[in-house]
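First up is the structure itself, then whatever we jot down about it.
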2 protein chains.
Amino acid sequence: MENRLPTIKEIAKQLNISVSTVSRALHDHPNIGLRTKMRVQQLAKDLNYEPNQTAIFFQQGKTYTIGVILPELSEAFFSSAISGIEDAAHKGNYTVLLGQSHDDVEKEKHLLDTFRKHRVDGLLVSISKNTNNYEHFEALQRYNIPVVFFDRIPKIPNIHYVACNMINGTVQAINFLFKKAHRIIGMINGPEKLPATKERLEGYIQAMTKSRLKYDPNLVVNCNLTKEDVAAATEKLLSGKRKPTAIVTFNDYVALDAVQQARKMKLKINKDVCFVSYANLPISNYTAFPPLASVEQFPYQQGQKATETLIELLQKKTDESAENNNVTYYKIILESQLIVHDNKQV
Amino acid sequence: MENRLPTIKEIAKQLNISVSTVSRALHDHPNIGLRTKMRVQQLAKDLNYEPNQTAIFFQQGKTYTIGVILPELSEAFFSSAISGIEDAAHKGNYTVLLGQSHDDVEKEKHLLDTFRKHRVDGLLVSISKNTNNYEHFEALQRYNIPVVFFDRIPKIPNIHYVACNMINGTVQAINFLFKKAHRIIGMINGPEKLPATKERLEGYIQAMTKSRLKYDPNLVVNCNLTKEDVAAATEKLLSGKRKPTAIVTFNDYVALDAVQQARKMKLKINKDVCFVSYANLPISNYTAFPPLASVEQFPYQQGQKATETLIELLQKKTDESAENNNVTYYKIILESQLIVHDNKQV
DNA sequence: TATATTCAGACAAACGTTTGCATAATTTTT
DNA sequence: AAAAATTATGCAAACGTTTGTCTGAATATA
């Protein structure tokens, strides 16, 4: 039962022609006569011939494989993103090699190594929270492996990336609250250094200023996203001099923790204080007091777009192959958007 | 800036020795003298030599790659499982090729094709909900690609699999409720044909019988897991003749929907009726009325174990290579376990 | 009919690595 | 000093495919 798979050689031998003819026949090369072309294709079918991809990868120096490194698949954002990536990749006939960094820089480096060794054609990366040294990415340039970053983007020049602009969404969120007659609007933001934090703040300031509510720094608290820290931040906000009637939180998880703290403080949610958040967790319908609205960041689309961009880069690379040193860097920004939930909560 | 990567040839030329010597030197082959071994390894390091994996894959007819097909990454169960898979794979020096079937048989088939063409060494599969024809898996036998199934397992003989026995966990769940003085215990189960459904039912019957509560078929309702169907099932149970004071639900999502329905019926959760569930969603702490307890299925461990098993199979395959036709099929069963939540709910 | 053109196919190299076998160089044994 | 054993290295094939170049045959042009 030794089941060697049929090769091009096998076909050639059986038909008494050369391998090159077989190869060309299978590729519909014009130089091959109709008769032989048919004979080859028929036999290939009969034998269940399938080209040996490993041979082709080797021969072409390409693997049609994309490496994806992201922090954490269990976060809804990333599991959505990977779906977008997969779909786009399959459409472009690429396969996806996956790795999670679990927000650990060492793991990130290790994955990068593995993928490089596996000779992936390109990389899609959302960097780990704790990465602030980008040498391992810069080193990739030398290997001529293009990288497209998405969502979590390193602060270095000359990179390709896809991201979502949070400023607009934030402005929409504040305006939404303003229309609902809120005048003191607080924010529980993320870790100070995070770009995502800065963007949210910027949107907050813009919107507050435009609504003539003025920007009061006391109404913005940073936190490190742990349950405890969120609780502390919430308490601080809700027991301050100017007590907000609405709070914008860094993401849905933060919102949930903040709600818990607010309830501990005997506040009525959606009456004394209400929440608007980022991320749009699918599960939040089920929670007791989901945020009134969420700023959607379109993870699926981000993943998809990033993949399409990468594939485009890969095409270009083979087309121009080193001669034309093209140095345009893609910076693709999607717009976030406020989604208002219709909370028919029981 | 044409940056060809260094090859074994390059090293050979520079040191004026043959490629075979270089290859052997790099592999610490005993036949190579210490002097040359050192020189080769030094130069390799200096040149930043890295073996071309595509060449090796091709030459060895192995890719050190495992294909993983699972239904849906956004389900907590599977995103946990993939972490276990990844960790075990990396430990064994394998890389993971990922694909989601989204519970679509056609996608499943397509992924299988892609992975086969990419010449993965082995496969890890959790089948799609809608798969009831297993030909595409049986076809793999001919290609000599081992498959280890996990969690969702096809009903065919002679396969390797890792699964979690739900019977014990279910028994524990019922006993837990019994100790809390519940005597009428209902169950909202899954689609009738699903093996998972059958197992839960079996556990239910076992435990009820042992507790001398007798098995009352009216207390068990099947549903297709949609929100509407769950609501209908809940209503049926809670307006029946024998009204249960506790309900075991197919999974946490079902529990959440059932709670909503119960509240719609003006029942007090945890007073009039309480819930125990399967799956243990991390988010459920945040919900208004999380289940009192969950039957944990250890997805991470399932993934890990499945991967280890597959790698073992792959080792054996190369060891015995066709001569010794080993036909032991691994059937690995983990035990589920009831996790009681301490619901310090506000 | 002789020459140019087109068509159909074959030949062989190349991609980078591993590995069985042969051989040269060295050392050990008699 | 010759034979045997050991050690270190080289040669070449193999893995399956693609592709540039060459050749022979058929056809068209003059």
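Below, all heavy atoms of this structure are taken into account, side chains as well, without hydrogens, waters or symmetry copies. Here is how names work: the chains are called A, B, and so on, in the same order as the sequence lines, proteins then strands, and each is numbered from 1.
Looking at residues two or more places apart in sequence or on another chain, you find no ring pair (Phe, Tyr, Trp, His ring centres under 6.0 Å) involving B/Y134. For B/D46, the side chain to side chain donor-acceptor pair (under 3.5 Å) partners two or more places apart in sequence, or in a different chain, are B/Q42. The ring pair (Phe, Tyr, Trp, His ring centres under 6.0 Å) test applied to B/F78 returns no partner, not counting sequence neighbours. Considering only residues two or more places apart in sequence or on other chains, B/D113 meets the salt bridge (charged side-chain N to carboxylate O under 4.0 Å, His left out) condition with B/R116. A/N130 meets the side chain to side chain donor-acceptor pair (under 3.5 Å) test with no other residue; sequence neighbours excluded. In this structure, A/T114 has no side chain to side chain donor-acceptor pair (under 3.5 Å) partners at least two apart in sequence or on a different chain. Residues satisfying the side-chain contact (heavy atoms from CB on, under 4.5 Å) test with A/R119, not counting sequence neighbours, are A/T63, B/L5, B/N52, B/T54.
Overall bending of the helix from C/dT1-D/dA30 to C/dT30-D/dA1, expressed as the angle between end axes built from five pairs apiece, is 60° (10° steps).
Side chain of B/D121 to main chain of B/Y64: a donor-acceptor pair is present (N/O by atom type, distance under 3.5 Å, no hydrogens or angles).
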Contact pattern, 5' to 3', of nucleotides 7-14 of chain D - B, S or - by protein heavy atom under 4.0 Å: -BBBBB--

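When heavy atoms are screened at a 4.0 angstrom cut-off, A/S23 is found touching base atoms of the nucleic acid. Using a 4.0 Å heavy-atom distance criterion, B/Y49 is classed as a sugar-phosphate-only contact.
Residue-nucleotide stacking is present for B/F58 and D/dC15, judged by a side-chain ring centre under 5.5 Å from the six-membered base ring centre and planes under 30° apart.
Remark on DNA chain D: of its neighbouring residues A/H27 and B/Q60, the 5'-side contact belongs to B/Q60, judged by nearest-heavy-atom nucleotide.
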